[in-house]
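Since the structure comes first, as structure tokens, the remarks are kept for the end.
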Amino acid sequence: MGRWAGRIVEVKIGATKAEGGSRDKVIVVGGETDLPLFGSKEDLPNPPIISMDIFDCKIPLPKVLKTPFIEVLEDPAEWAKLCVNKYGADMISLHLVSTDPNVLDRSPKEAAKTVEDVLQAVKVPLIIGGSGNPEKDPKVFEEVAKVTEGERCLLSSATLDVYKEIAAAALIYGHNVVAFTPVDVNLAKHLNRLLMNMGLPPDKIVMDPTAASLGYGHEYSFSVIERIRLGGLQGDRDLQMPILVGVTNAWGAREAWLKDPSLGPREYRGPIWEAVTGITYMLAGADILMMMHPIAVSLVKRVINNVFRGEKTSIKEVYEWLKEAM
Amino acid sequence: MRKLTPMQIYMLLPKTNCGECGFPTCLAFAFNVASGKANVFACPYLSDEAKRKLSEALAPPIKLVTIGVGSEAIKIGGERVIHRHEDKFYNPTAIAFAISDLLSEEELRKQIAAIENTKLERLEEILKPDLIALKGSSENPERFAKAVETILETTSLPIILCSFNPKVMEEGLKLCGSKRPLIYAATKDNLESMAKLAIEYDCPLAIYEPGRLESLAELVKKARNMGVKDLVLDVGFNDLRETLEKLVLLRHLAIGEEKREYGYPTITFPSLATTESDALADFWEVTVATSFMIRYASIIVLNSIKPWRILPLLILRQGIFRDPRIHPRVKPGLYAIGNVNEHSPCLVTSNYALTYFTVKSDIEASKVPSYLLVVDTGGLSVASAFAGGKFTAEKIAEAIEEYKVKEKVKHRTMIIPGLTAKISGKLEELTNWKVIVGPRDSSELRVFLRKISTT
């Protein structure tokens with residue numbers, strides 16, 4: 001419809017050999033000029049991207065979520081391969097949980113080694129996540145950013161508490177930064193401004209406005225994402241960055257994993273919880289979905305291929321359906 | 001949006017300042033009506049002329065349609081905005097389950113019972129499916145009527161009668177027409193006969209037109225000219241994106257451009273979605289229903305009543321249709337989490353529902369049974385309440401007394417959120433309890449509580 005003045009910034013993730021990296025291809029996110037389904041195909045030049053989450057050490061996971069990865073849980077490189085080769089991940093998000101002093105307290109050097117192993121194993125662009133520990137993350141990111149110089153990774157994440165070191169590391173070594181804020185449009189704007197004041201250009205920033213799980217604040221996240229995207233489209237430059245959502249958070253909902261026969265089998269509940277959470281955020285405007293369960297990934301891909309790429313899905317005639325006894 | 005100013009409303013009021021509406025003056029009442037805080041029909045003395053003008057001017061751009069009668073009646077439509085943060089969504093998407101008149105009476109009863117038994121209590125609301133969609137698969141009027149009879153005997157849930165054959169429809173309506181079922185559906189081929197039935201039985205009528213929206217608008221106008229007031233639109237489902245785009249466009253035309261021929265609730269059929277892959281088949285209907293619900297479908301019709309399929313839809317609906325201006329909250333009080341005893345640790349948090357549920361699930365994950373004291377912060381999170389002076393040492397001290405915490409635990413130690421560390425001195429002073437500053441984020445409670453319980 002061309003109803004908006006603003007356009008979402010395009011962010012490039014990953015670099016090919018020609019650009020100084022070692023990835024097979026570069027992923028571009030952003031560039032929208034309307035919300036999904038509200039405008040035309042031209043308003044959405046870059047379909048949403050699925051990044052599959054992997055972890056650098058054993059972490060507590062619900063059984064249903066663990067099962068597809070049971071062979072590779074202790075080998076991030078093999079885990080990444082499985083996600084890309086078997087489950088069709090567009091990107092890998094590697095979370096360096098082990099560096100947390102309360103977990104294994106692994107050194108930045110050890111973390112950097114893991115990142116290098118994963119870069120060797122797969123050729124898709126990488127999201128590198130810290131442990132969330134505010135003292136340790138800056139040290140980890142500095143080292144990791146250095147050894148991956150030129151790969152144009154996405155470092156996750158800068159927060160209002162800890163952003164300077166990670167923005168500096170991204171600037172020096174040529175990476176992008178995820179700006180994480182807790183479900184609040186104004187805080188998201190504020191952090192973006194802080195990062196831009198550090199000299200980070202808007203096309204190096206991706207926002208994570210917090211993706212709550214279905215049933216646990218999901219509607220807040222949904223509306224915050226819609227407001228951020230509409231704000232950007234209306235011309236607010238502090239909100240014109242692409243949006244990333246941690247859809248794996250869906251598994252935080254007890255309904256996704258609790259053993260309770262009255263709710264039906266867990267094998268179904270978990271994946272559908274993740275799929276519903278992801279699809280709603282994607283339709284609100286999210287550009288990158290960090291996900292985990294292969295079934296949820298397939299379902300979201302199916303919607304992406306139809307809504308953003310125009311691939312037809314099979315549908316029954318209503319007249320046929322009416323005739324069926326079941 | 002069609003909207004009246006307070007003065008325009010005031011001019012239509014009796015201006016007697018009788019106060020029976022609950023406001024001291026007609027002018028005060030007019031201001032509250034204009035801002036949506038009061039219902040204009042709370043005034044008992046409106047003239048017929050005023051009533052007509054007001055209901056026209058204040059009517060939502062998407063017509064409110066009622067299906068069914070009595071306490072189980074379902075309201076759909078009545079929407080005023082495109083995005084929920086602009087105001088709120090008013091009437092939740094109704095969830096219907098399809099059953100066929102080819103089933104035996106026993107099987108029908110079994111399926112209806114399964115629909116009736118699907119209930120869930122969450123955040124102090126009962127979540128459940130709303131409608132039964134009876135498919136006239138047999139094309140046989142008597143068989144259809146027999147199935148309607150069985151439904152009427154078994155449940156008071158409102159019904160959608162599904163048949164494109166007016167003869168079949170009429171037999172169904174003879175039995176349940178007084179219960180305001182939704183007639184599904186009129187098409188360009190049968191519009192006249194279906195519209196006649198809708199008028200005769202005073203029932204809402206669905207119009208099915210899978211072609212261009214302009215063709216749908218033509219059928220709407222025809223039905224309206226014949227005298228049908230309550231319509232429900234089916235834009236068809238040949239492709240997911242196409243249907244979603246039509247749903248979005250309908251909303252835009254009705255609300256953004258105030259085109260009345262598009263201002264009706266919608267019905268959609270995720271039940272028609274199929275997959276070529278068996279592994280995904282079970283999940284796909286829910287996935288499609290999710291996208292329809294998030295993009296404005298007023299009714300979704302599903303095939304299967306399995307609990308795991310309906311659960312995410314019920315919870316999605318509860319959230320999206322909640323008023324975004326009101327913070328959901330839990331009742332303040334002392335909550336026992338796990339198998340507590342008098343030595344269990346005691347923590348304090350706010351009564352914002354999401355905070356409570358997050359802290360609760362983190363305590364559960366620690367496997368350390370604990371008491372959680374929930375203080376009244378007016379539904380604000382710990383951080384906001386602390387900043388706004390609603391999470392104070394005084395408040396916690398009062399809550400310890402009010403909810404008789406001393407009778408439940410022998411120790412005198414309170415764990416407070418890390419964000420509120422500053423109040424620990426004051427709280428110790430006020431209560432003579434020992435105060436421990438807990439983690440800043442409740443996800444760290446797992447480690448924290450285990451550490452505490454082993455020392």
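Chain naming here is simple, since letters A, B, ... match the order of the sequence lines and numbering starts at 1 in each.
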*Could you walk me through whether A:Trp273 and B:Leu311 pass the side chain to side chain contact (heavy atoms under 4.5 Å, CB included) check?*
CA-CA 9 Å; A:Trp273 217 262; B:Leu311 186 68; 3.9 Å; yes

Proximity breakdown for [X] and chain A, heavy-atom pairs closer than 4.5 Å:
X: B:Glu364; answer: side chain
X: B:Tyr352; answer: side chain
X: B:Thr358; answer: neither
X: B:Arg317; answer: neither
X: B:Ser104; answer: neither
X: B:Tyr356; answer: neither
X: B:Thr275; answer: both
X: B:Arg251; answer: neither

With a sphere of 6.0 Å drawn around [atom1] of [X], does it hold more than 12 non-hydrogen atoms of other residues, nucleotides or ligands?
X: B:Arg143; atom1: CZ; result: yes
X: A:Tyr268; atom1: OH; result: no
X: A:Lys86; atom1: NZ; result: no

Among the listed options [options], the residue most often paired with chain A at heavy-atom distances under 4.5 Å:
options: B:Trp284, B:Phe321, B:Phe164, B:Phe269; result: B:Trp284
options: B:Gln318, B:Glu276, B:Lys306, B:Glu444; result: B:Glu276
options: B:Leu247, B:Asp282, B:Ile82, B:Ile294; result: B:Ile294
options: B:Leu313, B:Thr118, B:Leu316; result: B:Leu316
options: B:Ile315, B:Thr290, B:Thr274, B:Leu102; result: B:Thr274
options: B:Ala185, B:Pro324, B:Ala273, B:Ser100; result: B:Ser100

*Report the residue from A:Leu283, A:Leu37, A:Leu35 that forms a side-chain contact (heavy atoms from CB on, under 4.5 Å) with B:Val248.*
A:Leu37

How long is the straight-line distance from [atom2] of [Y] back to [atom1] of [X], given to the nearest 0.5 Å?
X: B:Glu285; Y: A:Ile272; atom1: CD; atom2: CD1; result: 10.0 Å
X: B:Phe237; Y: A:Ile315; atom1: CZ; atom2: CD1; result: 3.5 Å
X: A:Ser213; Y: B:Phe357; atom1: OG; atom2: CZ; result: 13.0 Å
X: B:Leu240; Y: A:Thr313; atom1: CG; atom2: OG1; result: 5.5 Å
X: A:Ser314; Y: B:Asp239; atom1: OG; atom2: CG; result: 10.5 Å

*Between B:His85 and A:Tyr220, is a ring-ring contact (aromatic ring centres under 6.0 Å, His included) present by the stated rule, with each step listed?*
CA-CA 9 Å; B:His85 64 259; A:Tyr220 288 87; over 10 Å; no

Out of [options], which one racks up the most heavy-atom pairs below 4.5 Å with chain B?
options: A:Leu299, A:Thr280, A:Leu230; answer: A:Leu299
options: A:Asn102, A:Val318, A:Val224; answer: A:Val318
options: A:Gly264, A:Gly132, A:Gly217; answer: A:Gly217
options: A:His218, A:Lys312, A:Arg227, A:Arg302; answer: A:Arg302
options: A:Thr277, A:Val303, A:Val307, A:Ile279; answer: A:Val307
options: A:Ser223, A:Ala275, A:Pro60; answer: A:Ser223

_Testing the basics here: between B:Arg84 and A:Glu226, what is the closest heavy-atom pair and its distance to 0.1 Å?_
N-OE1, 4.5 Å

*Measure across A:Pro265 and B:Trp308 and return the closest heavy-atom pair with its distance rounded to 0.1 Å.*
CD-CD1, 3.9 Å

_Note: B:Glu245-A:Lys41 ion pair, threshold 4.0 Å (strictly below)_ = no

Taking side chain as everything from C-beta outward and backbone as N, CA, C, O, which of these in [X] sits under 4.5 Å from a heavy atom of chain B? Side chain, backbone, both or neither.
X: A:Pro182; value: neither
X: A:Leu263; value: both
X: A:Phe222; value: side chain
X: A:Ser262; value: backbone

*Using ring-ring contact (aromatic ring centres under 6.0 Å, His included) as the criterion, list what pairs up with B:Phe448, not counting sequence neighbours.*
none

*Determine, stepwise, if the pair A:Ile295 / B:Leu280 fulfils side chain to side chain contact (heavy atoms under 4.5 Å, CB included).*
CA-CA 7 Å; A:Ile295 292 175; B:Leu280 295 184; 4.1 Å; yes

*Go through B:Arg122 and A:Glu255 one step at a time and tell me if the salt bridge (Lys or Arg N to Asp or Glu O under 4.0 Å) criterion holds.*
CA-CA 12 Å; B:Arg122 202 163 190 279; A:Glu255 288 85 347; 3.2 Å; yes

Using a 3.5 Å cut-off and no angle test, enumerate the donor-acceptor pairs between side-chain atoms of residues 319-326 of chain A and protein atoms at least two apart in sequence or in another chain.
{"residue": "A:Trp321", "atom": "NE1", "partner": "B:Asn303", "partner atom": "OD1", "Å": "2.9"}
{"residue": "A:Glu324", "atom": "OE1", "partner": "A:Lys316", "partner atom": "NZ", "Å": "3.4"}
{"residue": "A:Glu324", "atom": "OE2", "partner": "A:Lys316", "partner atom": "NZ", "Å": "3.4"}

